[in-house]
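What follows is a single structure, written as structure tokens, with notes after it.
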Amino acid sequence: MYAFSKAVNSMHSEDVKQLMKQASGKDIISFAGGMPNNDLFPVKEIDEIYNALPEELKKLCFQYGPTSGYPPLVSSLENYLKTKGLEVDNNKILITTGSLQAISIITQEFVNEGDIILTENPCFVGALTVFETAGAEIHSIPIDKDGIDIKALKNKIASLDRKPKFLYVTPNYHNPAGIIYTPERKRELLEVLSGTGIILLEDDAYSDLYFDQDEKHLTRSMKSFGVQDVEIIYTGSFSKILGPGFRLGFMLSSEEIFDKAETVKQALDACTSNFMQIIANEFLTRNKLEPYLKFLRNEYSDRKNLLQKHLKTYMPPEITWNEPKGGFYTWLKLPSHVRSTDIFKESVARGVVFVTGRTFDPASKKDDRLRLSFSNMPKDQIEKGVKILSEAIKHVLQNSKMVIS
């Protein structure tokens with residue numbers, strides 16, 4: 001037996017590994033993967049960008065870069081974030097190897113073993129793995145269709161014997177719940193945190209993927225609200241708007257937080273891939289991002305509409321859900337006596353996979369939900385997948401009724 005560290009004993013790390021396997025399995029219809037469909041990537045545009053690069057810039061692609069990020073990309077990102085109303089002049093951007101690395105860096109920067117982190121329930125499983133690996137004590141607060149439960153958050157903060165290091169939230173097209181916080185709920189959250197010294201970690205990977213232009217204003221980040229007495233660290237990602245394989249994310253924070261974060265990143269990987277940063281920067285500066293985002297919004301909206309149509313057709317009346325206004329996910333609610341892990345066993349035997357609700361519960365217990373991702377699904381498989389899943393659910397429901405009776 002090896003003397004492994006406590007850091008490898010994350011309750012959710014096995015869930016993540018299983019999720020990645022399910023998302024890439026062949027000959028199976030997968031609602032599991034929270035990722036773009038391969039056919040949607042801008043392969044032609046990237047080919048054109050790389051082929052048009054000057055020789056010296058191509059050589060630079062293969063070289064180390066500054067830990068803080070490729071300077072032209074940092075500058076391009078500043079301009080991009082300004083269009084979202086974010087205050088970049090008094091903050092600094094750190095380029096990271098995916099936004100999950102940004103979450104990991106922030107956690108290493110602030111959290112010692114036994115420190116408290118507040119999260120939503122449900123919560124992005126990748127973040128849970130990071131927090132558990134750090135040995136944090138995780139306290140979760142439920143969310144509803146409008147965002148985090150404000151009363152429960154107040155009660156949780158009041159009940160704790162020491163101050164949490166930060167509150168982690170994903171307010172725009174939540175993973176896994178698919179909701180978007182209302183502007184009122186965002187303001188209420190900031191009011192609760194005001195003066196507490198609790199940092200807000202605002203994870204915003206999906207805000208560019210709204211389905212209705214008239215609702216774009218709902219995606220406004222809390223860091224853009226100009227609140228002075230709440231420290232907000234904002235993280236973003238290229239994974240959902242360019243491609244996960246780029247492994248490009250970023251964090252926007254005050255200079256003091258940035259300086260320590262840069263030190264942590266230096267120890268982790270020295271720098272993020274220059275190759276990917278240069279390509280991403282060219283994608284931004286050549287004004288290719290917005291046309292590509294319009295294409296993605298239409299594609300994901302089509303997939304969402306197909307999923308909604310077939311859920312309404314095939315799902316038994318006991319199953320309920322909220323229709324998402326953007327992002328990748330639909331979050332199905334089961335009757336309280338039915339577990340999504342039981343449905344998963346039945347569903348995978350029939351050739352359809354999804355992600356169980358238990359995966360996203362910080363305590364790995366609450367299991368009356370299941371996440372369906374429509375982003376990676378070929379359109380012509382959605383109906384078949386929903387039909388098979390609904391049959392599996394009906395089978396489990398029938399068996400549960402027999403057990404109860």
Side-chain angles (χ1 to χ4, degrees), residues 36 76-91 93 99 120 124 143-150 153 167-194 200-242 249-253 284 287-305 308 321-331 374-375:
S76 297
L77 260 179
E78 287 175 349
N79 293 330
Y80 177 62
L81 293 180
K82 282 179 182 177
T83 67
K84 291 173 169 279
L86 283 152
E87 175 58 61
V88 297
D89 294 336
N90 296 320
N91 290 279
I93 292 172
S99 62
E120 302 154 312
F124 168 46
I143 60 173
D144 58 32
K145 64 181 179 61
D146 295 328
I148 198 165
D149 184 322
I150 296 298
L153 176 62
L167 166 63
Y168 170 77
V169 297
T170 53
N172 293 323
Y173 313 127
H174 188 278
N175 178 11
I179 65 159
I180 182 167
Y181 281 39
T182 62
E184 295 76 20
R185 193 64 62 91
K186 288 177 179 178
R187 292 194 181 280
E188 288 173 341
L189 171 56
L190 292 173
E191 286 172 10
V192 171
L193 295 183
S194 176
L200 178 63
L201 176 47
E202 183 179 17
D203 187 8
D204 189 24
Y206 299 94
S207 62
D208 285 309
L209 300 178
Y210 49 85
F211 298 146
D212 185 340
Q213 183 69 30
D214 291 340
E215 295 182 344
K216 177 183 177 181
H217 69 281
L218 297 175
T219 66
R220 184 182 171 191
S221 72
M222 286 178 280
K223 188 158 177 73
S224 73
F225 283 20
V227 176
Q228 298 300 312
D229 55 358
V230 180
E231 186 72 53
I232 304 175
I233 306 172
Y234 177 88
T235 67
S237 175
F238 285 92
S239 292
K240 310 303 187 287
I241 62 172
L242 199 51
F250 57 90
M251 58 177 279
L252 179 70
S253 69
L284 281 171
N287 298 314
K288 292 182 179 293
L289 181 59
E290 192 51 42
Y292 180 57
L293 283 173
K294 287 180 181 177
F295 162 74
L296 287 182
R297 289 178 197 127
N298 287 332
E299 285 289 334
Y300 293 142
S301 181
D302 287 348
R303 284 165 168 76
K304 183 270 295 184
N305 289 335
Q308 293 296 315
W321 62 91
N322 292 320
E323 183 171 349
K325 298 183 177 194
F328 284 5
Y329 310 108
T330 296
W331 188 231
F374 48 83
S375 58

Hey, what do you get for OH (Y173) to OH (Y181), rounding to the nearest 0.5 Å?
-> 14.5 Å
Pair R303 + E299, salt bridge at N-O below 4.0 Å = yes
Just by distance, do the side chain of D146 and the backbone of T182 share a donor-acceptor pair under 3.5 Å?
-> no
Please identify each residue that fulfils side chain to side chain contact (heavy atoms under 4.5 Å, CB included) with S221, with sequence neighbours left out.
-> L86, E202, K223, S224, Y234
Could I get the full list of salt bridge (charged side-chain N to carboxylate O under 4.0 Å, His left out) partners for K216, not counting sequence neighbours?
-> none
Not counting sequence neighbours, which residues clear side chain to side chain donor-acceptor pair (under 3.5 Å) with S99? List them please.
-> none
In Å, rounded to the nearest 0.5 Å, how long is the span from OG1 of T219 to CG of L209?
-> 10.0 Å
Minimum heavy-atom distance T170-E120, with the two atoms named = N-OE1, 3.2 Å
Let me check something: any side-chain donor-acceptor pairs from residues 321-331 under 3.5 Å, sequence neighbours excluded? List them with distances.
unit_1 : atom_1 : unit_2 : atom_2 : d
W321   : NE1    : Q308   : OE1    : 2.9
E323   : OE2    : K304   : NZ     : 2.7
Y329   : OH     : Y206   : OH     : 2.6

Angle class for the F124/Y168 ring planes (parallel below 30°, perpendicular above 60°, tilted otherwise)?
-> tilted
Check F250 against S237 and note the closest heavy-atom contact, atom names and distance.
-> CE2-N, 3.8 Å
D89 meets the salt bridge (charged side-chain N to carboxylate O under 4.0 Å, His left out) criterion, sequence neighbours left out, with K82
With sequence neighbours left out, what residues match E231 under side chain to side chain contact (heavy atoms under 4.5 Å, CB included)?
-> I199, S254, I257
Qualifying residue, where the test is side-chain contact (heavy atoms from CB on, under 4.5 Å) with L167 and the options are L153, V230, V192, L201 = L153
Side chain to side chain donor-acceptor pair (under 3.5 Å) with N175: which residues, sequence neighbours excluded?
-> R371
Which pair of heavy atoms, one from L289 and one from Y80, lies closest together, and at what distance?
-> CD2-CE1, 3.8 Å
Measure the spacing between CD1 of I232 and OG of S253 and express it to the nearest 0.5 Å.
-> 12.0 Å
Answer yes or no: is there a side-chain heavy-atom contact under 4.5 Å between I241 and Y292?
-> no
Heavy-atom nearest pair, S207 first then N172, reads CB-ND2, 3.7 Å
Any residue meeting side chain to side chain contact (heavy atoms under 4.5 Å, CB included) with L218, in chain and number order, not counting sequence neighbours = I180, P183, E215
If only atom types and distance count, is the side chain of K186 paired as donor or acceptor with the main-chain N or O of F225 below 3.5 Å?
-> no
With sequence neighbours excluded, tell me which residues meet side chain to side chain donor-acceptor pair (under 3.5 Å) with D212.
-> none
Can you name the residues that form a salt bridge (charged side-chain N to carboxylate O under 4.0 Å, His left out) with D208, not counting sequence neighbours?
-> K84
Looking at residues at least two apart in the chain, or sitting in another chain, which of them share a salt bridge (charged side-chain N to carboxylate O under 4.0 Å, His left out) with E188?
-> R185
Could you grab the distance from atom CD1 of I143 to atom CG of D149, nearest 0.5 Å is fine?
-> 10.5 Å
Mind checking whether V227 and M222 have side chains closer than 4.5 Å, heavy atoms only?
-> no
Candidate pair L190 and L200, rule side chain to side chain contact (heavy atoms under 4.5 Å, CB included), full reasoning = CA-CA 9 Å; L190 292 173; L200 178 63; 3.9 Å; yes
dist H174:NE2 -> D203:CG (nearest 0.5 Å) comes out at 9.5 Å
Using the side chain to side chain contact (heavy atoms under 4.5 Å, CB included) rule, take M251 and I233 through it: C-alpha gap first, then chi angles, then the decisive distance, then the call.
-> CA-CA 7 Å; M251 58 177 279; I233 306 172; 4.0 Å; yes
Using side chain to side chain donor-acceptor pair (under 3.5 Å) as the criterion, list what pairs up with D229, not counting sequence neighbours.
-> S194
E87 side chain to G85 main-chain N or O, any donor-acceptor pair under 3.5 Å?
-> no
